[in-house]
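To start, the structure under review is shown below, and the notes come after it.
So you know, we letter chains A, B, ... as the sequences are listed, proteins then strands, and number each from 1.
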Number of protein chains: 2
Amino acid sequence: MNAPGTPARHQMPFTRLEIAVLGLVGDELNVLLARRAAAPHAGRWALPGGALRIDLDTSLDDAARRVMRERLGLDLPFLRQLCAAGGPTRDPRAPWALSVVYRAVVSADRIAPAAGKRIEALAWRPVADAMTGSGLAFDHGELIARAVTATRLDIERLDMPEGILPDSFTLGELQTLCERLLGRRLDKSSFRRKLADRRLVEPVAGALRTGANRPAQIYRRVCDTP
Amino acid sequence: MNAPGTPARHQMPFTRLEIAVLGLVGDELNVLLARRAAAPHAGRWALPGGALRIDLDTSLDDAARRVMRERLGLDLPFLRQLCAAGGPTRDPRAPWALSVVYRAVVSADRIAPAAGKRIEALAWRPVADAMTGSGLAFDHGELIARAVTATRLDIERLDMPEGILPDSFTLGELQTLCERLLGRRLDKSSFRRKLADRRLVEPVAGALRTGANRPAQIYRRVCDTP
DNA sequence: CCAAGTTAGTTGCACAGAACAACGAAGTAT
DNA sequence: ATACTTCGTTGTTCTGTGCAACTAACTTGG
């Protein structure tokens, strides 16, 4: 096994990481897109991403986090690998391009993604538009659709991504958050029953959210591994 | 965007594809392993795999299929991407190794995986053993565990992988097939109800499987896209 | 020929989870 | 005080699933 299959005998693909950051803008699920400053696809919108740096990165997860930090000015622990895509025609800059795609969910209003290195502009765009792929660079429309599907599947199972939940919240707030992420209404009693059965949240003793109406009990995430 | 992020400016990882082929040997779910002929991990068992060839492959799916053909002498259309893993210490032959892992399911008894190029020996091994990772090269124990989990999830949803279903079958045969893949018994009436509700199979008019007991209606997969 | 055994295929029932609907409770606004 | 909103709970219904029983059809062993 020292003939082929050995490093450096074959040319390797241009390897990048792309990050699909989802977040709520108002009621709607949006995705964070970067306007490409240079060719290819100059002026078009694409997922923010960057090249793998084998001198810096100790794993793919680590690389994705670095790219997110550099490009978006965000250092969030919640990144999940979505898929990998590759081919000779994906990126005209290289004879063969491979992208490992990650996804994340953040509270869009709590972060200010400063446009990082080499990004002309950053903008939230509704996933309903972006998923059609209209005007997006590369195959990023398809990738966004996959990220949304996978994320909504997580939410359906009440597997809430970190980075989206506040420290404390009322059950009503949690429900409307999920509803906006899913894009559909949920049943109040079922939602609460599931939360209680699976012990996903616990009430903060004596803490109430007061406002215009009846005060609501404040909850927080229950720590799984004490 | 012509400075960094551009091909050939950074060194790229040694990129390979690994194939987790699952199949039934007797009643038990097994995985196809290759004995490594050379260092690293010489003599140990590993998932069959091979380097990405950017001069031959038109996509990752295509590359996985080529590797499967070359290494195992199998040309099966059913391959699903599982995940990608990478890091500087995964493979001592390269400063940074990236593996894109695919999974497949085949009827173990219907194929004779001829040991292909550069493989000393091929053998089926029960996943129960392999998943513990004992004695496996690289991080392949973990990868096998993931492939089994993902495949069983497919079967639970009755999303039967191609390559495992015969052209025609009785409902009893289909059920025992699923039971062996899942490693647990299923309820007959629930199983049939689900098949009927979702219109996954259709009876072949007049075709019966006769044998030692009462003859059984023969079914076939319903074609989704006519 | 008959009884026993095995698999095929269906039916009824119990239970769990979820959707749907309604209700009282507790606050604010007018 | 009354209307209105959100909170929180409690029923009722519906659906899907698991469990069990039953009949049907065939082979095999006496």
Spacing of [X] atom [atom1] relative to [N] atom [atom2], expressed in whole Å:
X        : N      : atom1 : atom2 : result
B:Gln175 : C:dT7  : CD    : P     : 12 Å
B:Phe169 : C:dG9  : CZ    : C1'   : 16 Å
B:Ile218 : C:dT7  : CD1   : C1'   : 15 Å
A:Asp197 : C:dG17 : CG    : P     : 7 Å

Could you tell me if the side chain of [Y] sits less than 4.5 Å from the side chain of [X], heavy atoms only?
X        : Y        : answer
B:Ile19  : B:Leu32  : no
B:Phe191 : B:Leu158 : yes
B:Arg90  : B:Ser99  : yes
B:Asp61  : B:Tyr102 : yes

Exercise. What residues, two or more places apart in sequence or in another chain, satisfy side chain to side chain donor-acceptor pair (under 3.5 Å) together with B:Ser189?
Worked result: B:Asp187
For this session: Would you please name every residue forming a side chain to side chain donor-acceptor pair (under 3.5 Å) with A:Asp197, sequence neighbours left out?
Result: none
For this session: Please list, in 5' to 3' order, the outermost nucleotides of DNA chain D lying under 4.0 Å from any heavy atom of chain A.
Result: D:dT5 to D:dT10
Report all side-chain donor-acceptor pairs from residues 202-216 of chain A shorter than 3.5 Å, counting only partners two or more places apart or in another chain.
| residue | atom | partner | partner atom | Å |
| --- | --- | --- | --- | --- |
| A:Glu202 | OE2 | A:Arg220 | NE | 3.2 |
| A:Arg209 | NE | A:Glu173 | OE2 | 2.9 |
| A:Arg209 | NH2 | A:Glu173 | OE1 | 3.1 |
| A:Arg209 | NH2 | A:Glu173 | OE2 | 3.2 |

For this session: Give, ordered by number, those residues of residues 149-160 of chain B having at least one heavy-atom distance below 4.0 Å to an atom of DNA chain D; if nothing qualifies, reply none.
Result: none
Problem set entry | Heavy-atom closest contact (A:Arg103 atom, A:Ala147 atom, distance) |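 The pair with the smallest heavy-atom distance is CD-O, 4.0 Å.
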Problem set entry | Contact letters for nucleotides 20-30 of chain C, in which S counts primed atoms plus P, OP1 and OP2 and B counts the base, heavy atoms under 4.0 Å | BB--BBBBS--
For this session: Test B:Glu179 against every option in B:Lys188, B:Arg184, B:Arg185 by the salt bridge (Lys or Arg N to Asp or Glu O under 4.0 Å) rule and name the one that passes.
Result: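 Filter result, single survivor: B:Arg185.
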Problem set entry | Presence of salt bridge, B:Arg152 and B:Glu156, under 4.0 angstrom | no
